[in-house]
Protein chains: 2
Amino acid sequence: MAKSSEVLHATQVDAVRLGGLETSIGLHLRLAQLRAYDRFFDAFQGVDLRPGEYSVLWLIHQNPGVRQGQLAERLEIKAAQMTKMIRRFEDQGHVRRVIPDEDRRAVCLFLTEGGSAFTLRHRDAFFGHDTHNHHGLSDAEVGQLIQLLTKYTTPTKGTGQ
Amino acid sequence: MAKSSEVLHATQVDAVRLGGLETSIGLHLRLAQLRAYDRFFDAFQGVDLRPGEYSVLWLIHQNPGVRQGQLAERLEIKAAQMTKMIRRFEDQGHVRRVIPDEDRRAVCLFLTEGGSAFTLRHRDAFFGHDTHNHHGLSDAEVGQLIQLLTKYTTPTKGTGQ
DNA sequence: CAATAGCAGTTTCCGCGTAAAGTATTTTCT
DNA sequence: AGAAAATACTTTACGCGGAAACTGCTATTG
């Protein structure tokens with residue numbers, strides 16, 4: 001019965017005619033990103049953290065004193081969203097905000113001791129789920145995929161074809 | 001001055017040490033999807049439509065009478081979200097909902113005349129932005145990218161790695 | 001054929017992500 | 001130096017997207 005329902009299930013999905021949508025990069029990107037999310041949450045079960053949040057913690061760990069705006073720009077997170085995220089991290093005791101004397105508009109970010117421990121504790125969960133064990137893709141394929149995504153994201157202006 | 005600020009700008013972004021994040025598929029997928037969104041909105045200037053919404057209209061156009069659940073499953077849109085989207089389309093006069101006698105729980109979807117015209121009118125904007133003119137990627141690269149994304153999204157279970 | 005389980009879709013509630021406006025500080029221009 | 005512009009972030013308001021609970025209909029089961 002499980003089998004027959006699965007077959008029926010597959011039949012229904014395949015029954016939808018895509019009419020050209022099957023070659024839509026946008027749709028494939030969406031579906032791929034949903035998988036990436038699933039895998040992240042599998043690796044971070046019960047931790048209540050999102051991929052973007054771990055990325056921010058990791059970058060602060062790698063760049064102590066980095067400014068919010070630099071992280072926002074690099075990760076293409078909007079400034080408003082970054083403010084809220086950092087506020088949450090501050091409330092959780094993971095991140096410390098420092099207003100530098102050199103420019104009192106800016107905010108420099110540091111991990112607390114607890115935040116650093118947290119970040120390192122989940123390092124393998126994050127990079128393991130994403131950098132290694134790429135769920136069916138060989139290392140070469142991962143390299144190719146990243147290269148193609150980068151090319152799609154950053155159209156070559158000067159050196160391009 | 002524009003030039004010097006651009007240089008400074010680039011310097012700041014490059015100053016962020018990624019520490020392994022540069023090979024994160026998840027991050028690259030996010031950045032690529034943001035570009036796909038940008039390009040869609042460029043192509044649909046002033047139309048107030050999102051990629052997922054056009055996809056749904058297109059699939060209804062290709063599959064008159066298709067059920068909400070089938071679209072939701074194929075596009076991995078949650079049922080709750082699909083309900084709201086279809087409601088909006090109905091309010092705009094693009095889509096007609098029909099409860100079939102064969103199963104009065106279900107909802108079958110049809111484009112109205114206006115909805116069909118709307119969908120066809122923007123067909124090139126959608127497929128042009130996404131299927132052709134892939135912003136720096138050759139046709140072969142697009143094929144490769146889609147193949148890799150598909151493989152990432154749907155890990156081969158039976159045939160193994 | 002009534003009771004139970006399952007299904008298709010809807011409603012409610014909540015949080016994230018964004019745009020736009022606001023605040024405080026620094027830089028530029030004259 | 002003082003006015004204007006730019007910068008770095010914050011606040012506010014709003015819509016989308018998701019989880020969970022709910023409604024109404026259909027299929028199963030004893």
Side-chain angles (χ1 to χ4, degrees), chain A residues 1-2 4-6 8-9 12-13 16 30-31 33-34 37-38 40-41 46 48-56 65-92 95 97-109, chain B residues 1-6 8-9 11-13 30-31 33-34 37-38 40-41 48-56 65-92 95 97-109:
Chain A
M1 354 248 143
S4 77
S5 86
E6 277 167 21
L8 181 58
H9 173 272
Q12 288 175 339
V13 173
V16 178
R30 170 185 158 73
L31 297 177
Q33 215 188 4
L34 290 176
Y37 260 65
D38 288 344
F40 177 91
F41 290 127
D48 190 27
L49 202 73
R50 293 149 151 275
E53 292 174 334
Y54 189 86
S55 298
V56 166
V66 69
R67 291 191 186 180
Q68 277 187 209
Q70 289 181 292
L71 294 188
E73 193 172 1
R74 191 62 185 80
L75 299 175
E76 296 206 32
I77 294 172
K78 293 288 179 300
Q81 171 60 13
M82 185 60 78
T83 295
K84 297 181 204 171
M85 193 188 294
I86 296 301
R87 163 88 40 90
R88 287 196 298 273
F89 285 146
E90 216 180 359
D91 293 345
Q92 293 167 8
V95 165
R97 298 175 13 143
V98 175
I99 309 296
D101 283 344
E102 90 193 31
D103 184 346
R104 303 192 46 242
R105 298 167 300 182
V107 177
C108 291
L109 303 174
Chain B
M1 348 198 160
K3 204 166 188 182
S4 75
S5 85
E6 276 168 20
L8 182 58
H9 172 270
T11 301
Q12 288 174 338
V13 173
R30 169 184 158 73
L31 298 177
Q33 215 187 3
L34 289 176
Y37 259 65
D38 288 345
F40 177 90
F41 290 128
D48 190 28
L49 202 73
R50 294 150 152 275
E53 294 174 333
Y54 189 86
S55 299
V56 166
V66 69
R67 292 192 186 180
Q68 277 187 212
Q70 289 180 293
L71 294 187
E73 193 171 0
R74 191 61 186 81
L75 299 175
E76 296 206 31
I77 294 172
K78 292 289 179 299
Q81 171 60 12
M82 184 61 78
T83 295
K84 297 178 204 171
M85 192 189 295
I86 296 302
R87 162 88 40 90
R88 286 196 300 274
F89 286 146
E90 216 180 358
D91 292 346
Q92 293 167 7
V95 165
R97 298 174 16 148
V98 174
I99 309 296
D101 283 344
E102 90 193 32
D103 184 346
R104 301 193 47 244
R105 297 168 299 182
V107 177
C108 291
L109 303 173

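Heavy-atom basis, side chains included; hydrogens, waters and symmetry copies ignored. Just so we're on the same page: letters track the sequence lines, and every chain starts at 1.
- Atom NZ in A/Lys78 sits roughly 16 Å away from atom C1' in D/dC14 (whole-Å rounding).
- When the P atom of C/dA8 is taken as reference, atom CD1 of B/Ile99 falls 13 Å away, rounded to whole Å.
- When the salt bridge (Lys or Arg N to Asp or Glu O under 4.0 Å) test is applied to B/Arg97, the partners found at least two apart in sequence or on another chain are B/Glu90.
- The CZ atom of A/Arg67 sits 15 Å away from the P atom of C/dT25 (whole-angstrom rounding).
- Taking atom CD of residue A/Gln70 and atom P of nucleotide D/dT7, one finds them 15 Å apart after rounding to whole Å.
- Among the atoms of the strands shown, base atoms are found under 4.0 Å from some heavy atom of B/Ala79.
- For B/Asp48, the CG atom is loosely surrounded, since the number of other residues' heavy atoms within 6.0 Å does not exceed 12.
- Computed from coordinates, the A/Arg50 CZ to D/dG18 P distance equals 10 Å when rounded to whole Å.
- Applying the side-chain contact (heavy atoms from CB on, under 4.5 Å) test to B/Arg105 and every residue at least two apart in sequence or in another chain returns B/Asp103.
- Put simply, CG on A/Leu75 is 17 Å from P on C/dC16, counting in whole angstrom units.
- Taking the side chain of A/Val107 as heavy atoms from C-beta on, and the options C/dG9, D/dC9, C/dT18, the nearest nucleotide is D/dC9.
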Would you tabulate the pairs of protein nitrogen or oxygen atoms and nucleotide nitrogen or oxygen atoms of nucleotides 20-27 of chain D closer than 3.5 angstrom?
residue : atom : partner  : partner atom : Å
D/dT26  : OP1  : B/Arg104 : N            : 3.1

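- Closest-nucleotide positions on DNA chain D for A/Gln68 and A/Leu34 were compared, and the one nearer the 5' end corresponds to A/Gln68.
- Residues A/Leu49 and A/Phe41 share a closest heavy-atom pair of O-CE2, 3.3 Å.
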Side-chain donor-acceptor distances from residues 81-88 of chain A under 3.5 Å, at least two apart:
residue : atom : partner : partner atom : Å
A/Thr83 : OG1  : A/Ala79 : O            : 3.2
A/Arg88 : NH2  : A/Glu53 : OE2          : 2.9

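- Residues A/Arg30 and A/Cys108 both approach DNA chain D. Their nearest nucleotides, taken by heavy-atom distance, put A/Cys108 toward the 5′ side.
- Computed from coordinates, the A/Arg88 CZ to C/dG17 P distance equals 7 Å when rounded to whole Å.
- Put simply, CD on A/Glu53 is 7 Å from P on C/dC16, counting in whole angstrom units.
- Both B/Met82 and A/Ile77 lie near DNA chain C, and the one whose nearest nucleotide falls closer to the 5' end is B/Met82.
- Considering only residues two or more places apart in sequence or on other chains, A/Glu76 meets the side-chain contact (heavy atoms from CB on, under 4.5 Å) condition with B/Arg30, B/Leu31, B/Leu34, B/Arg35.
- Among the protein residues, B/Gln81 comes within range of the nucleic acid bases, having at least one heavy atom under 4.0 Å from a base atom.
- Of the residues near DNA chain C, A/Tyr37 and B/Lys84, the one whose nearest nucleotide (by heavy atom distance) lies more toward the 5' end is B/Lys84.
- Nearest heavy atoms, B/Ser55 versus B/Leu75: CB-CD1, 4.3 Å.
- A close approach under 4.0 Å does occur between a side-chain nitrogen or oxygen of A/Arg97 and OP1 or OP2 of D/dT10.
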